[in-house]
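Side chains included, hydrogens not; waters and symmetry mates left out as well; all remaining heavy atoms used.
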Amino acid sequence: MDTAPIALDGFLEEATVPGDLHGSTARFRLTVSPIDELILPCGVTDPALALAVIHDLAPGDKLRVTGYLRLPRTPDEPVWLAVTSLAVLETAPLLTGPATDATAVLERFGPYLCYFDADTPVVEVFTETGQPVGTAPDTDKIGALLDAFEERQAAAGE
């Protein structure tokens, strides 16, 4: 029985890798849309296509892949797509470095998160579960704020 190839659109999940020492095959993972977060392993065995996959694609590229779905032969094998053709629908934006005009930063300090706003010296502090700890008037006062919060927690028996 002949099976028809399937075509899927999705985003390249991470950098592609050669499937062998010579680069004549390639492997990659595709986040398939519109299915919610299905990450599908893909393999390319055509040497010319493998070369293009390894050297021309970047994580985040939107792709249309066509191929044959390979079902696992054993329970520990994944389902994967044997890719026969591939088209880049949209390239990922190039990231040239960190933004020069960042306006806010969320930073972790152990089990605490601190929200730094570039427009004010005030720092909002939360637990990692989202519970507000308080507001420090500047970065030098974060330690005192955390100490006072932990003392209140200990006194309350939490």
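Linking Ile, Leu, Val, Met, Phe, Trp and Tyr residues whenever their side-chain heavy atoms come within less than 4.5 Å places L49 and L8 in a single cluster. Grouping the Ile, Leu, Val, Met, Phe, Trp and Tyr side chains by contacts below 4.5 angstrom, directly or via other members, places V133 with I142.
When every heavy atom of C114 is checked against every heavy atom of V125, the shortest pair comes out as SG-CG2, 3.9 Å. Annotation for G19 and R27: closest pair CA-NE, 4.0 Å, computed over non-hydrogen atoms. Scanning both residues, V65 and F28, for their nearest heavy atoms gives CG1-CZ, 4.2 Å. Annotation for V83 and C42: closest pair CG2-CB, 3.8 Å, computed over non-hydrogen atoms. Nearest heavy-atom pair, A26 versus V53, reported as atom, atom and distance to 0.1 Å: CB-CG1, 3.9 Å. Nearest heavy-atom pair across P18 and G23 is CB-CA, 4.3 Å.
In this structure the side chain of D46 never reaches within 4.5 angstrom of the side chain of T84, judged on heavy atoms. Annotation: side chain of E107 is in contact with side chain of F116 (closest heavy-atom distance under 4.5 Å). In this structure, F149 and T127 have side chains that are in contact, with non-hydrogen atoms separated by less than 4.5 Å. A heavy-atom distance below 4.5 Å is found between the side chains of P72 and V79. Side-chain contact between L63 and V88 is present, with at least one heavy-atom pair separated by less than 4.5 Å.
For the atom pair OG1 of T31 and CG of L38, the computed distance is 8.5 Å after rounding to the nearest 0.5 Å. Here the CG atom belonging to L146 is positioned 11.5 Å from the CD atom belonging to E151, to the nearest 0.5 angstrom. Note that the CG atom of L51 and the OG1 atom of T25 stand 11.5 Å from one another [nearest 0.5 Å]. The CG atom of L30 sits 9.5 Å away from the CZ atom of F11 when rounded to the nearest 0.5 Å. Once rounded to the nearest 0.5 Å, the distance linking CD1 of I6 with OG1 of T66 reads 9.0 Å. Rounding to the nearest 0.5 Å places CD of E124 at 12.5 Å from CG of L113.
Other residues, nucleotides and ligands contribute only 12 or fewer heavy atoms inside 6.0 Å of the CD atom of E90.
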Discussion item. Under the criterion side-chain contact (heavy atoms from CB on, under 4.5 Å), I'd like the reasoning laid out for D138 against V123: C-alpha separation, chi angles, the key distance, then a yes or no.
Written reply: CA-CA 6 Å; D138 59 52; V123 180; over 6 Å; no
Item to complete: Please report the C-alpha distance between T3 and Y68 in whole Å, then the side-chain angles of each, then the deciding distance to 0.1 Å, and finally whether the side-chain contact (heavy atoms from CB on, under 4.5 Å) criterion is met.
Response: CA-CA 8 Å; T3 58; Y68 298 90; 3.7 Å; yes
Item to complete: Kindly indicate, with the supporting measurements, whether the criterion side-chain contact (heavy atoms from CB on, under 4.5 Å) is fulfilled by L86 and L57.
Response: CA-CA 11 Å; L86 179 141; L57 299 180; 4.2 Å; yes
Worksheet item: Taking it one step at a time, do Y112 and Q131 satisfy side-chain contact (heavy atoms from CB on, under 4.5 Å)?
Response: CA-CA 9 Å; Y112 301 102; Q131 176 186 2; over 6 Å; no
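Looking at D61, its side chain does come within 3.5 Å of a backbone N or O of A92 through a donor-acceptor pair.
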